[in-house]
Amino acid sequence: MKLLLRALLTLFVPFLASCSSLYFPPPPQVPLLTQKGEFSGGIHTNLDNNVSLQGAYAVGEHLGVMGSASFLHTDKKKRAVDHDFGEVGLGYYTRLSDRRVLEVYGGLGGGHSKRVERDAEKVTTRTLESGLTKYFVQVNYSSKDNSNVHVFGRDFPITYGTAMRLSYLQLENFKLDNVATVGEENVFIEPITYTRVQLVGPVQLQLISGSNFGLRQRKFLKAANSVFNFGVVVNIGGQEGKR
């Protein structure tokens with residue numbers, strides 16, 4: 001139990017910065033494929049209710065494809081956000097000699113983001129709206145460390161891993177208060193760690209924590225939103241071992 005609490009505390013440390021960016025990063029997908037015909041799927045969310053659906057499939061012995069769609073729709077007193085985004089990727093996966101997994105993916109994504117800001121009297125003060133285009137490369141790695149947590153008379157296997165994503169994003173058809181404005185572009189580095197707890201069979205609880213760094217100073221496209229996510233993942237048709 002102490003091990004599980006320590007893992008949870010580590011994962012709940014993301015920087016909950018102000019949501020002043022039009023980019024809301026979806027969780028980096030970590031399917032950890034091991035053999036041809038394996039499927040990985042999951043559903044994730046975060047404290048801002050940014051929901052992401054993910055799926056990946058091993059089309060060959062070392063070739064995998066993946067896709068995801070994320071949605072964020074909120075209407076609060078001072079801010080309303082509508083954000084829809086999708087990604088697809090193609091990559092290489094392999095099982096290392098000690099049965100860990102290494103994956104390398106490249107892909108692209110696109111979507112639409114809109115934010116309406118209001119004052120204390122709920123009067124709109126600013127509206128921002130733009131299309132988003134993204135290109136990314138990502139490396140996933142499962143850790144050698146694993147353990148069990150004993151709860152309610154049962155042992156629940158826990159595994160760990162890391163992922164690193166490098167993304168290039170552009171704001172396209174950007175409008176500020178309904179007036180066409182020059183868009184922005186930025187490069188983001190997203191290092192994350194993940195912890196998986198096996199619940200039953202192929203079903204696992206996954207917690208993701210990490211950081212999002214923008215390499216360029218931008219006003220509307222910056223690393224201002226958390227990458228923390230939690231959800232459920234399922235791997236079907238894969239090899240047994242550390243994943």
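Residue numbers run from 1 in the order of the sequence given.
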Output, in order, the C-alpha distance, side-chain angles, deciding distance and verdict of side chain to side chain contact (heavy atoms under 4.5 Å, CB included) for T193 and I208. CA-CA 6 Å; T193 61; I208 291 178; over 6 Å; no

Give the C-alpha distance, both sets of side-chain angles, the deciding distance and a yes or no for side chain to side chain contact (heavy atoms under 4.5 Å, CB included) between R100 and R95. CA-CA 6 Å; R100 286 178 286 178; R95 204 72 184 265; over 6 Å; no

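Looking at heavy atoms from C-beta onward, E190 lies in side-chain contact with P25 at the 4.5 angstrom threshold. In this structure, the side chains of T34 and V101 come closer than 4.5 Å at one or more pairs of heavy atoms. You'll find the side chain of K134 reaches within 4.5 Å of the side chain of P26, heavy atoms only. Residues R196 and L32 form a side-chain contact, since some pair of their non-hydrogen atoms from C-beta on lies under 4.5 Å apart. Under the 4.5 Å side-chain criterion, counting only non-hydrogen atoms from C-beta, F230 is not in contact with Q206. In this structure, R126 and L128 have side chains that are in contact, with non-hydrogen atoms separated by less than 4.5 Å. A 4.5 Å side-chain heavy-atom check between T162 and Y194 finds every atom pair outside the cut-off. Between K114 and T127, some side-chain heavy-atom pair lies under the 4.5 Å cut-off.
By the rule that hydrophobic residues join a cluster once side-chain heavy atoms approach within less than 4.5 Å of another member, F39 and L63 end up as members of one cluster. Tracing side-chain contacts under 4.5 Å through hydrophobic residues (I, L, V, M, F, W, Y), one reaches L108 starting from L166; they form part of the same cluster. Residues I236 and L205 fall within the same hydrophobic cluster, defined by Ile, Leu, Val, Met, Phe, Trp and Tyr side chains chained together at heavy-atom separations under 4.5 Å. Transitive grouping of hydrophobic side chains (ILVMFWY, heavy atoms separated by less than 4.5 Å) brings L96 and V104 into a common cluster. Linking ILVMFWY side-chain heavy atoms closer than 4.5 Å, directly or via other members, places L33 and M66 in a single hydrophobic cluster.
With sequence neighbours excluded, the residues that form a salt bridge (Lys or Arg N to Asp or Glu O under 4.0 Å) with E185 are R216, R218. With sequence neighbours excluded, the residues satisfying side-chain hydrogen bond (donor to acceptor under 3.5 Å, both in side chains) with Y168 are Q170. Remark: N178 engages no residue in a side-chain hydrogen bond (donor to acceptor under 3.5 Å, both in side chains) (not counting sequence neighbours). With sequence neighbours excluded, the residues satisfying side-chain hydrogen bond (donor to acceptor under 3.5 Å, both in side chains) with D84 are H73. Partners of N140 by side-chain hydrogen bond (donor to acceptor under 3.5 Å, both in side chains), not counting sequence neighbours, listed by chain and number: E103, Q138.
Judged purely by distance below 3.5 Å, without hydrogens or angles, the side chains of S68 and Q29 never pair a donor atom with an acceptor atom. Side-chain contact annotation: S52 with H44, donor-acceptor N/O pair under 3.5 Å absent.
Under a cut-off of 6.0 angstrom, the local environment of OH in Y135 is sparse, with at most 12 non-hydrogen atoms contributed by other residues, nucleotides or ligands.
Panel note: side chain D119, backbone E121; a donor-acceptor pair is recorded below 3.5 Å. A donor-acceptor pair under 3.5 Å is absent between the side-chain atoms of Y105 and the main chain of V65, judged by distance alone. The closest donor-acceptor contact from the side chain of N46 to the backbone of D48 lies under 3.5 Å. A donor-acceptor pair is defined here as one N or O able to donate and one able to accept, closer than 3.5 Å; no such pair exists between the side chain of N186 and the backbone of E184. Distance alone, capped at 3.5 Å, places no donor-acceptor pair between the T74 side chain and the A80 backbone. A donor-acceptor pair under 3.5 Å is absent between the side-chain atoms of Q35 and the main chain of E38, judged by distance alone. Listed for the N50 side chain is no donor-acceptor partner under 3.5 Å among the backbone atoms of S70.
Atom CG of D82 is separated from atom CZ of R115 by 12.0 Å, given to the nearest 0.5 angstrom. Here the CD atom belonging to E172 is positioned 7.5 Å from the OG atom belonging to S130, to the nearest 0.5 angstrom. D177 CG to E129 CD: the interatomic distance, rounded to the nearest 0.5 Å, is 11.5 Å. Separating the NE2 atom in H62 from the OG1 atom in T94 is a distance of 5.0 Å, to the nearest 0.5 Å. Rounded to the nearest 0.5 Å, atoms CZ (R165) and CG (N212) are 10.5 Å apart. Atom CD1 of I158 and atom CG of L207 lie 9.5 Å apart (nearest 0.5 Å).
Listed by first and then second residue, the ring pair (Phe, Tyr, Trp, His ring centres under 6.0 Å) pairs that reach into residues 170-192 are Y23-F188, F174-F220, sequence neighbours excluded.
Between S113 and F24, the shortest heavy-atom contact is OG-CE1, 4.2 Å. When every heavy atom of F71 is checked against every heavy atom of L53, the shortest pair comes out as CE1-CD1, 4.5 Å. Nearest heavy atom pair, residue P31 against residue N235, reads O-ND2, 2.9 Å.
Between H83 and F85, the ring-plane angle classifies as parallel under the 30° and 60° cut-offs.
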